Amino acid sequence: MQEIEEMWQKVLLKMQNLVSAITFDLWISKLEPLELKNGETLILGAYSTSAKKQILKNNSKQLADCIREVFGDYVSFQILDKEEKEEYLAKNNASEKTEEEVEQIERPQFNEKYTFNNFVVGKSNQFCYAAAHAVAENPGSKFNPLFIYSGVGLGKTHLMHAIGNYLTEYNPNLKIKCVTCEQFMNEYIESLGVTEGGKDKAIFEFREKYRNVDVLMIDDIQFIANKNATKEEFFHTFNDLYQNNKQIIITSDRSPSEIDVEDRLKTRFSCGLIQDMQIPDFETRMAILKKKAQLEKFYLDDDVLNFIAEKPFTNIREMEGMLSKVFFFATLMGKKSASMEDAREAFKEDMFEKQERITPENIIKKVCEYFGITENEITGKKKNKEIVEPRMIAIYLIDDVLDIPLVSIGKIFGGRDHTTIMHSRDKIGDQIKKDNKLSAIVNDLKTKIKG
Ligand code: ADP
Ligand code: MG
């Protein structure tokens, strides 16, 4: 089983590079390898029927490929939803299971790599780390609720699981429930849809499950926006737990004031501690890379670490993706270490591929997505600031990344004169020297464009 677990981790690493961070977080990373049946079918457990459906609908080919790459050409997979999984487990090891094991299956499965020890503390996250640690030591007393927010891929789930791992170790009798907001919603909706055996009973059971815990963790609460019935249910769950001094931990990719929920819920979020995390600075990024390499028992030359940490990542998961490429490449070569030369080889194909895909059109597309405007607007004639600034940024980026003639850029932007294009380019070029915020935006976009 140990071996299957290790191989599954490799599949996860591969999948991480193929699917979006959200898909990976919500669905793929939650799959649990159960058994390699007859050496040819990998049985995976999903946490719900919808998780199973989502993966089969959107990612089954990628998953099949990655599993084949790691487990061998003839290995396929099968996903069981929660009920099927329970049935399966009951059938397979009913006789072998000790009481302790039964207990364990019901506990949330925290990612064992997401511990406090493995979390690198720097200026960008020190307060969040301290708060999370304090909550882990004294749940339900000090900071309740603990509300953690940050951009995507900056360690929220890691910290939440670190609390979970800590509690599992030092406070094993606590009842903990850890779900994504999506899971909470799906379970609630499922209970609403139950007809057999009675809807009231299903809702009652749902409430029992969520209100009868000592610690409730909800990951990515921002998805609750616009889900009115779920918001209502969550509000009551929250109150119930809060009044009974049960610890609530919430993560979000934006602050309470920016989430689209009623004020009464915002007020609830704010009655404990709200703590945000920023993008880690260069030194912290270096330390994170070192930590990850150390966890993989891998040695990387400093210039490789430097090379990766220097990139203006706004998402640690993406930075890890780059690191995994080096690991992967070196492993193929049968090595447990990598020099800058190896790293260059590892990224070569990548850079080449990316280079080919960068066109003025997809730079425009990315800038539009970023600012939430349309392609017609950006290339059109509107003069309001919300459009003009993105337009100038797009022009600057096309010139900077692709170095194509200004006249051609003018054509793309609705036949503008090349002097207008030059003016836009120079204006942004000047401004980013003075304006940190703008410079961060432009860098962020550049990373997105270059991939
Ligand atoms: P989020 O939930 O904020 O989107 P995650 O918690 O999933 O982000 O973190 C993304 C990846 O980055 C994880 O692999 C996590 O271990 C890693 N990570 C983020 N911050 C740190 C840190 N300070 N130290 C070590 N690893 C980190
Ligand atoms: Mg997360």
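In this chain, numbering begins with 1 at the start of the sequence shown. None of the values given here were measured: they were computed from a predicted structure. Counting starts at 1 for both ligands and their atoms, following the listed order.
Rounded to the nearest 0.5 angstrom, I393 CD1 and I428 CD1 are separated by 5.0 Å. In this structure, OG1 in T374 is found 13.5 Å from NZ in K365, a value given to the nearest 0.5 Å.
Each salt bridge (charged side-chain N to carboxylate O under 4.0 Å, His left out) pair with one or both residues in residues 111-133, not counting sequence neighbours, appears once here: K113-E296. Pairs passing the salt bridge (charged side-chain N to carboxylate O under 4.0 Å, His left out) check and including a residue from residues 216-227, sequence neighbours excluded, do not occur.
Across every non-hydrogen atom of N171 and P139, the tightest pair is ND2-CG, 4.2 Å.
Protein atoms that are N, O or S and lie under 2.8 Å from the Mg ion (ligand 2) are these: T157 OG1.
Defined by atom type and a distance below 3.5 Å, a donor-acceptor pair is missing between the side-chain atoms of D240 and Y210. S50 and N186 share a side-chain donor-acceptor pair at under 3.5 Å.
Residues with a heavy atom under 4.0 Å from ligand 1: Y114, N118, F119, V120, N125, S150, G151, V152, G153, L154, G155, K156, T157, H158, I288, K292, I316, R317, E320.
For F110 and Y166, the distance between ring centers is not under 6.0 angstrom.
Taking the six-membered ring where tryptophan is involved, the planes of F119 and Y129 are essentially parallel, since the angle between them stays under 30° and well short of 60°.
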